[in-house]
There are 2 protein chains.
Amino acid sequence: MTDRGEGEFGAVLDAQWSVGNRLHGGYLLAVLARAACESPAGAGHPHVTAVSGTFIEPPEPGEAVARVETLRVGRSVAQVRAALVQEGRIRVESHITLGLLDDTGPWWSAQEPVELPPEQDCFLAPTNPPGTDLTVPLMAVVEERIVPEHLSFAFGAPTRAGVIASWQRLADGSDWDPLSLLVALDPVPPVSFDLGLSGWVPTIQLSAYIRRLPAPGPIRVRLAATDVGGDRMDEVAHVWDDKGRLVAQATQLAAVRLPS
Amino acid sequence: MTDRGEGEFGAVLDAQWSVGNRLHGGYLLAVLARAACESPAGAGHPHVTAVSGTFIEPPEPGEAVARVETLRVGRSVAQVRAALVQEGRIRVESHITLGLLDDTGPWWSAQEPVELPPEQDCFLAPTNPPGTDLTVPLMAVVEERIVPEHLSFAFGAPTRAGVIASWQRLADGSDWDPLSLLVALDPVPPVSFDLGLSGWVPTIQLSAYIRRLPAPGPIRVRLAATDVGGDRMDEVAHVWDDKGRLVAQATQLAAVRLPS
C-alpha cells in the first residue's frame with residue numbers, strides 16, 4: 001500500500017482473494033481498514049474496531065485507490081470514511097472506527113463458542129468445489145474446515161437449520177489479526193446453501209466489530225441466518241479465538257434469489 | 001423537511017426525540033433516511049432497507065442540514081451517503097440502501113418472536129424514571145411497555161441476563177413504518193442497565209435492516225448484549241410486528257464504562 005498523500009493510498013487488489021471472479025467483500029474491507037490505520041487517524045488508534053461497508057459496484061483485481069477522510073479523532077476512538085475507488089468510481093465505501101484493542105477477555109458474555117468437531121474431523125473447503133464449475137481462489141489463502149453435516153447441501157440434503165460453522169487458519173501460517181478477521185467474518189459458502197438455495201449472494205451492506213486481539217491458533221466461525229424473504233437474507237457471524245473468546249462479530253444484508 | 005436542491009435538505013431536529021439532553025440515535029438516522037427517500041435516489045425505491053450510521057458528534061435540537069449523495073441507483077436498490085450537518089460539521093454520517101418493501105412474511109425464519117407478558121402487564125417507561133434526575137422526553141412520543149422483570153435493575157437487582165424486551169407503540173396512535181422502526185431499534189434503557197451498569201452508553205456505530213412493512217398495531221422489541229469488555233458493548237435488537245413477523249433488526253457498538 002502506497003501513501004500518495006492527501007488521504008489517498010494506492011493498493012493492488014489481489015485476485016487470490018476471490019470467490020469465482022469476484023473479490024471477497026471482507027478482503028475489500030480489510031484493504032480499506034489498512035488504509036485507515038495508515039492514515040493520520042491511525043496514530044494512537046492502531047486497530048480497526050468497527051467497519052460498516054456498503055457495496056456499490058464490484059472492483060476488478062489490479063490497481064485501486066483507497067481514499068480516507070478523517071471525520072473525528074478523539075481520545076479513545078478515531079472515525080474515518082474510506083472509499084475504494086477504481087476508474088474514478090467508488091466501488092465500496094465504508095465508515096471505520098479505530099481504537100486500541102488488547103487481549104483481555106470479556107467482562108460479561110452471553111455466548112459460548114460454537115461447538116465444533118475436532119479440526120481434523122472437519123472438511124477442508126476446496127478451491128474447486130466438486131460438482132460445480134466455480135473456483136474459489138480464497139480457499140488457497142484461508143484454510144477453512146467446515147463441520148461435515150453443514151456440507152450436506154453438497155449432497156442435495158441441506159439441513160435447513162441455517163448455520164454453517166468452521167475452523168479457520170491462514171494458509172501461510174500467520175496468526176489472525178484485526179484486519180484478517182474481517183475476511184473470516186464473511187465466510188464462504190453463504191449460509192443460503194444450507195437452506196437449499198444455490199447461486200450468488202451479493203452483499204449489500206456489512207457491519208463488523210473487532211472486539212479484542214485474537215490469541216494465536218485457529219479461530220472458530222459460526223455463520224447463521226435469521227430471516228430470509230423479499231429476496232434478502234441476513235447473515236450473522238461470530239468468531240472465537242483459540243482461547244474461546246469472542247474476537248469478532250458481523251452482520252450483513254445480502255441479496256438472494258428465492259424460488260418463485 | 002425542505003428540499004434546498006443539490007442534495008441538501010433542511011431539517012429541524014425536535015428535542016422531543018431526546019434521552020436526557022441528547023437526541024436519540026435512531027431518530028437521527030430516521031431524519032437521514034427520510035432525506036434519502038425524498039432525494040432523487042428515492043424515486044422507485046420508496047423504503048429504507050438498510051442503514052449504517054457512524055456517530056461523530058452529538059447534534060443539538062434545532063436546524064440542521066441532511067446532505068444526500070447518490071452512490072448508485074440500480075433496479076432493485078439505490079445506495080446513498082447521507083450526512084447530518086450542523087454548524088458546518090458532520091455530526092452523523094450514514095450509508096443508506098433504499099428499495100421496495102412489502103408485507104409478505106418470511107420464506108424462512110430462524111427466530112420466533114420474543115415471548116412477552118400481555119401489554120397491560122408490562123411497565124410503561126416513564127419520562128422521569130424514579131430515583132434518577134434524568135428526563136426522557138422520547139418516552140412521551142414512544143409508548144414503551146417493558147417486561148417487569150427486566151426492570152429489576154431499578155431495584156438494585158439486575159437480572160444480568162443481558163436482555164430487555166418491550167411492547168412499543170407510537171403515542172400519537174400512528175402505525176409503525178420503516179422510518180419510525182429505526183427509532184424502535186435503538187431502545188431505551190440500554191441493556192447495560194440489566195447488567196448492573198448505569199450511566200451513558202453512547203453509540204459508536206449502528207446498523208439497521210428493515211425487512212418488511214409492519215402490520216398495524218404494537219411491535220415487540222428484544223434488545224440483547226452478546227459481549228461486554230474493553231469499555232465496549234454490542235447491542236442486538238430484533239423487532240416483530242403484530243402478526244409475529246420480523247420487521248427490523250439492528251446491531252450497534254457502544255461505549256460503556258466498566259467497573260475498574
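Basis for what follows: all heavy atoms, side chains included, without hydrogens, waters or symmetry-related copies. Lettering follows sequence order; numbering is per chain, from 1. Since the structure is predicted, the reported quantities are computational estimates derived from the model, not experimental observations.
Under 4.0 Å is where a charged nitrogen must lie from a carboxylate oxygen, and between A:R211 and B:D234 at least one such pair does.
The contact between A:T226 and chain B is made by backbone and side chain atoms together, counting heavy-atom distances below 4.5 Å. Looking at B:T251, both its backbone and its side chain come within 4.5 Å of chain A, counting heavy atoms on both sides. Both the backbone and the side chain of B:Q111 come within less than 4.5 Å of a heavy atom of chain A. Interface residue B:V51: only backbone heavy atoms are found under 4.5 Å from chain A. Both the backbone and the side chain of B:L253 come within less than 4.5 Å of a heavy atom in chain A. In this structure, chain B has a heavy atom under 4.5 Å from the side chain of A:I90, while its backbone stays farther away. With a 4.5 Å cut-off on non-hydrogen atoms, B:L100 does not touch chain A at all. Within the 4.5 angstrom heavy-atom criterion, only side-chain atoms of A:R81, from C-beta onward, approach chain B.
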**OP:** Could you go through the salt bridge (charged side-chain N to carboxylate O under 4.0 Å, His left out) check for B:E57 and A:R72 one step at a time?
**Re:** CA-CA 8 Å; B:E57 182 187 356; A:R72 175 175 169 263; over 6 Å; no

**OP:** Test side chain to side chain contact (heavy atoms under 4.5 Å, CB included) on A:W107 and B:D227 and set out the steps.
**Re:** CA-CA 8 Å; A:W107 175 81; B:D227 186 289; over 6 Å; no

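Across B:G99, B:G74, B:P106, B:A255, the residue that shares the most heavy-atom pairs under 4.5 angstrom with chain A is B:P106.
Distance OG1/B:T97 to CD1/A:I204: 6.5 Å, rounded to 0.5 Å. Summarising the geometry, atom OG belonging to A:S76 is positioned 4.5 Å from atom CZ belonging to B:R232; distances are rounded to the nearest 0.5 Å.
Distance alone, capped at 3.5 Å, is enough to place a donor-acceptor pair between the B:W108 side chain and the A:R160 backbone.
With 3.5 Å as the limit, one finds a donor-acceptor pair spanning the side chains of A:E93 and B:H95.
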